[in-house]
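Take a look at the structure set out below.
Whatever order the structure lists them in is the order used to number ligands and atoms, beginning at 1.
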Amino acid sequence: MSKIRAAITSVGGYVPEYRLTNKVLETMVDTNDEWILSRTGIKERRILKGEGLGTSDMAVEAVNELLKKRGISAHEIDLLICCTVTPDLVFPATANIITDKIGAKNAFGFDLMAACSGFLYGVTTASKYIESGACKKVVVVGADKMSSIVDYEDRQTCIIFGDGCGAVLLEPTEEDLGVMDTIMKSDGSGRVHLHQKAGGSVKPASHATIDAKEHFVYQEGQAVFKFAVTNMADVSAEIMERNNLTSDDIRFLVPHQANKRIIDATARRMGVGEDKVMLNIEKYGNTTSGTIPLCLWEWEKQLKKGDNLILSAFGGGFTWGSIYLKWAYDSK
Ligand code: UT7
């Protein structure tokens, strides 16, 4: 019997309508369009506006789109994994809220937190459920409403992050397609450089933590940049080497969109040119778990069955990793 692999069979995405441009940020903090564009590659990011709207509301749009494209109902989903650092509530899991809102009555679900590498960890986990035969239809959501934890008085972080969501459906295939290899890594000692100080069990939210702005993202940009640039490039090269792939074999690098300079360094290390790099950071900024599935969503029509993709990310934790994926369908 041939090996069962997990293949992506549908993609959905959602970005909120409101565009927070560099020009508008210039009126909020001491920054300028030229600095942001040259240091990060970002021109604007989307922000989810509206009372009572959260991460699950973006996910509902993305998942409903992928179900419609695949022509299946929510009842057919076995498992939904929601990768996020901005859950609707501390508990229960946002996956439970999404499955309730879309009417996925037969699914179980859980949240997975690996910051910007969340989607890669999610696809890796989902692929094991499929390969083992435990599940037939698994949805992986990468969604973050970063505007809910960003301090719009901190010019180091508010220029980077945006809101958005992408989602994929994974199903079994006996063809030589789908998730071919994964490398996931983490180093918890990196947490000092990127975290949220309060709101967890060590320091529950209080008036004092709010006053000290400890419910916002804390990032030491330069330190994170240094680790990101090396590790994302290294892990991408490692997965190519161990699968005997050369740059000619790669159709696209699908990188986490944190900073264009990190993406450029990864592409250089892999030996792939700009034409083979999915890049939408200028439009959406860093949507954390959302960046990679949003790229797949935007580039879906250009992808052909058998195309070799390398998905790579680095993020808070630290977490990082790479997935070698053979695209499983021609988009209509
Ligand atoms: O996605 C998860 C992981 N996150 C990342 O991968 C993010 C990694 N880090 C980065 O992308 C970059 O470090 C940043 C974009 C956050 C910052 O860029 P940088 O090139 O590392 O800037 P820097 O922190 O070294 O600051 C350079 C200068 C400083 O001024 P002085 O000390 O040289 O006078 C900063 O105060 O730029 C200043 N600066 C700014 N100037 C204008 C910092 N932020 C801004 C700003 N506008 N928004």
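Under the 6.0 Å cut-off for aromatic ring centres, Trp327 and Tyr329 qualify, their centroids lying closer than that.
Arg39 NH1, 3.6 Å is the protein heavy atom nearest to atom 27 (C) of ligand 1. In this structure, the protein non-hydrogen atom closest to atom 7 (C) of ligand 1 is Gln219 OE1, 3.7 Å. Atom 25 (O) of ligand 1 has as its closest protein heavy atom Gln222 NE2, 2.5 Å. For atom 3 (C) of ligand 1, the closest non-hydrogen atom of the protein is Val224 CG1, 3.6 Å. Summary of contacts: the protein heavy atom closest to atom 2 (C) of ligand 1 is Cys116 SG, 3.0 Å. For atom 16 (C) of ligand 1, the closest heavy atom belonging to the protein is Ile160 CD1, 3.7 Å. Regarding atom 12 (C) of ligand 1, its nearest protein heavy-atom neighbour is Asn259 ND2, 3.9 Å.
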What verdict does the ring pair (Phe, Tyr, Trp, His ring centres under 6.0 Å) test give for Phe318 and Phe227, after you've listed the backbone C-alpha separation in whole Å, the side-chain angles of each residue and the deciding distance to 0.1 Å?
CA-CA 9 Å; Phe318 290 140; Phe227 284 102; 5.0 Å; yes
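Contact annotation for atom 39 (N) of ligand 1: protein present (non-hydrogen atoms, distance under 4.0 Å).
Side chain of Thr86 to main chain of Met146: no donor-acceptor pair is present (N/O by atom type, distance under 3.5 Å, no hydrogens or angles).
A salt bridge is defined here as a Lys NZ or Arg NE, NH1 or NH2 lying under 4.0 Å from an Asp or Glu carboxylate O, and Glu171 with Arg70 meets this definition.
Looking only at side-chain heavy atoms (C-beta outward), Val202 and Lys197 stay at 4.5 Å or farther from each other.
The shortest N/O to N/O separation between His256 and ligand 1 falls below 3.5 Å.
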